[in-house]
Amino acid sequence: MRAAPRRWLLVLVWLLALAALGIVAIRTLRISTDLRSFMPPPETPDQKLLMDQIGEGPGSRLLLLAIEGAPPERLAALSRGLADALRGDAHFEQVVNGAFDPAALDPAWLPYRYLLSPTLDHDAFDAAFLSDQLQQRIEDLASPAATLLKPLLPRDPTLETLALAERWSPPKPPAMRDGVWFSSRGAALLLAETRGAGFDPAAQGEAIDALQGAFDRLPDRGNARLTISGPGYFSVLISARTRGEADRIGAVSTVGFILLLLFAYRSPALLLLAALPIASGALAGVAVLAWIFGAAHGITLAFGFTLLGVAQEYPIRLLSHRRAGEDALASVRALWPLLATAIASAAIAYLAFFASGVEGLKQLAVFTITGLLVAGFSTRYLLPRVLPARFQDAAGTRGIATALAFVERVPRPAWLPWVLTAGALIVLWRAPGPMWENDLAALTPVPEDLLLRDAKLRGELGAPDVRYLLVLQAPDAEQLLAFSESIEPRLAALIDQGALDAFELPSRYLPSIATQRARQARLPDRATLEQALAEASRDLPFRGDLFTPFLDDVETAKTLKPLSPEEFSRSPLGARLASMLVRRDDGWLALATLSGVHDAGALAAFAASTHGQARVLDLKAASESLVVAYRERILRALGIALALLALTVVVALRSVRRAWHVIAPMSLATLLVLVVERAFGLSLSLFHLVALTLAAGLGLHYALFFERPVADVAEARRTLHATLVCIASALLVFGMQAWSSLPVLRAIGLTVALGVGFHFCLSILMARGRNAAEDRS
Amino acid sequence: MKRTPPARTAFTEVRFSGLLERPLILHGELEYDGPGKLSRTVTAPYRERMKIEGGEASVQRGDRPSRTFSLSQAPELEGFLRGFAALLGGDAEALQRDFDLAARGSMSAWHLKLTPRDARLARRVTALEVDGAGTSARCFHTREADGDVNVLLVESLADAKLPTRPTPPMIDALCRGIDAR
């Protein structure tokens, strides 16, 4: 018998080692939240674009803002204040609220207006054109717009600056009030483009905090409030809600779990000690992740901790199977062959995930295998040395004898499994709804009212659709812009047909160099322009030398080097174009946004007629194909895992017949879970598959232990006790999740809870039956 | 000088601007339809119709489609309109809220100077000045920050005969009721 002080010393050392491991792991591991690292490598060009788009696309990084709850002039002032504050904020690429101030333009860029504005495509700066323009300027001077135009006039009498500002404003700008955008319901509207990726909840969270902070610091806010919408906001909202609910459910089920173990083993000390192996496994898993990958995805950790739930069985088995008067080490030695089989088969099965080729799944495999091995070995070699010598034999637990007697009496007709299998296959065949859930969004649904609000705001702001994109392709930037110019009239025709509401091509911001050169060629030289101007203003009261800055600018513009996309991107207005152009190894791509697509067919027909130079990218279809590809990889990994697992069990038990008794109930139970979920019309997602894997891991334990030949009735009672504690704890934890309002948690909870039930029943029916009969004979 | 809307008057507008070598002279009709509602029709030397309603101004010239813009983009107009509306509406309270007031002269020739309190408006417009006699105003000066001055001659002065190149002192004298011709 071990001396108590030595036991406690060992516990202390163990705890210190865990603490050290935890500190190292937390210091070195970076948690990534970018969903892309949990997605399979994209294969088709559309999928590749989708992956770029998810992070970098202009649509996904836009936040739609509305300020309401105050008089319009107050809201307009708040809108201006917020836009000014955010323009200096590193989280945002650009912020627009409709206000245009020509004075904000860098004068060095101004001469370029003659190369960028389409005016010279249809007009020449001759006396007739200038005379008409100058007459209009006289009228402008006497009009209310005078103060706005006066500063521009000497430099820009044809108002090219305003023509460009109009061309560059959103395709369908919202109504203007007090100089900024307003919705039809009287809210000031803004668009903010974040620097961070759209589906990176951490980056978006920072941006949204900065946004809310800037709004809160505005003076004289009164009752005005800020409403935020857009994909980035939703990803933040969903991840916060998921975490919140997971935390609440986790807290409740942890309390339940503790009470259950207290009830089962009647010792708080035992409870704490039993938690050590799984804590060791989890921390070791995190440390190994940090060591190998440096970073782990949040989803990897969430799934990993779920899958590691299997390891809680190891200490429970040891506690329940300990015979009265027996040394803990002796009883673990007796259990070890079976436990080792369970650990090895699970670990080997998870190797299949490692081979899946998906970064997130590789991390999951490393974490889970490490966790299982560490939890298993610490249960074998450490836990028995710290367990107290005094304990209650589980075989003596009140009611367990009755329960065992009941289990023994259950009829076990040999035909039942076959009938169940046949029935299951029929139900599976006839089940309503699609078998698989391909829509990523269905798993993290945004509340209906928020979606409606988003659609309304999007409509008012004329913000582009997040679903359709027009992808233009060309060998170089110049050809890309030239092609973009060439399809502009054809897309305008599609708008007239009602196929879409608006589009935004890169050539809207920057014409091709050829076009810029053509415009440059049409600019008159200084002497000609001077003469035309003198003729045009002969009868008008303008001061004689007023338009010298205009003459200077035109002269400068005539010798400017045409702008390339790189140069344009450095301009204050270049961010928009930069976000539309993608440079690839094999050429250039442009992502042109479309708004209000009413007739996807007409758009596709247009794209087909360009011989592949323009393609319509349906982001929804691309993301679904990605999910399908991903699932195929998981299914293949699961198939291989199952084969490996069967092989391990056969080798460990050294008998195909015994292995069959273990694997058959496990497989049938997995099938039955699928059947029940499908019969209720549930479509299966990746989360269901992960949960099925966990349930199968638990089922393997039940079958292995029930199948094990036992020496006496007491041992059979201990097996039943251990299994009941395991099942009750699994039902408690995952049954709670099954009630969650969030589909992800519900999918996992429901699947595991159902699985645990089926695995238990079928293990009794199919694994236990034969042995119980053999024992008695 | 309170007026019940609708009130209308012919006008002559003289604009002195640093961009121009001689002032611009317009003729037309003004119509005041109550707070925030004003329309101005220019008949000579060109035709234009401007309507202000609900914080927006829409301008239509000749046969061209009308253009709409927000009043806040033209704060001097907004300020002018507010002062104008408060004067015509007899709303002394609103007038004192938006402007610092200074009055001089007599009932037969009075002069009222309105200096905007709002900083945004003051950046563009330094003062509004109104000249009148008895219960009727006849001159509205808008003094812009860049030195440009816009003078609106209404009611008794609406049809005043002006030389082709009037000077600011000439117009000021006209407004004060001194016949400078």
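Throughout, a chain's letter reflects where its sequence line sits, starting with A, and its residues are numbered from 1.
Within the model, atoms CG of A:Leu546 and CG of B:Leu20 stand 8.0 Å from one another, a figure rounded to the nearest 0.5 Å. The CZ atom of A:Arg543 sits 8.5 Å away from atom OG of B:Ser17, with the distance rounded to the nearest 0.5 Å.
Looking at A:Ile138, the atoms closer than 4.5 Å to chain B (heavy atoms on both sides) sit in the backbone and in the side chain alike. With a 4.5 Å cut-off on non-hydrogen atoms, B:Leu19 touches chain A through its backbone and its side chain both. Within the 4.5 angstrom heavy-atom criterion, only side-chain atoms of A:Pro154, from C-beta onward, approach chain B. Only the side chain of B:Arg61 has a heavy atom closer than 4.5 Å to any heavy atom of chain A. No part of A:Glu73 comes within reach of chain B, as not one of its non-hydrogen atoms sits under 4.5 angstrom from that chain.
Per-residue counts of heavy-atom pairs under 4.5 Å with chain A were compared for B:Asn150, B:Asp146, B:Val42; the largest is that of B:Asp146.
The environment of B:Arg22 atom CZ is dense: over 12 non-hydrogen atoms of other residues, nucleotides or ligands sit within 6.0 angstrom. Annotation: A:Arg221, atom CZ; neighbour count of heavy atoms from other residues, nucleotides and ligands within 6.0 Å is above 12. For CG of A:Asp496, the number of neighbouring non-hydrogen atoms (other residues, nucleotides, ligands) closer than 6.0 Å is greater than 12. Residue-environment remark: CG (A:Asp545) exceeds the threshold of 12 foreign heavy atoms within 6.0 Å.
Contact between B:Tyr46 and A:Gln135 at its shortest, heavy atoms only, is CD2-NE2, 4.3 Å. The minimum heavy-atom distance linking B:Arg15 with A:Ala142 is given by the pair NE-CA, 3.9 Å. Closest approach of B:Glu48 and A:Glu139 over heavy atoms only: OE1-O, 4.1 Å.
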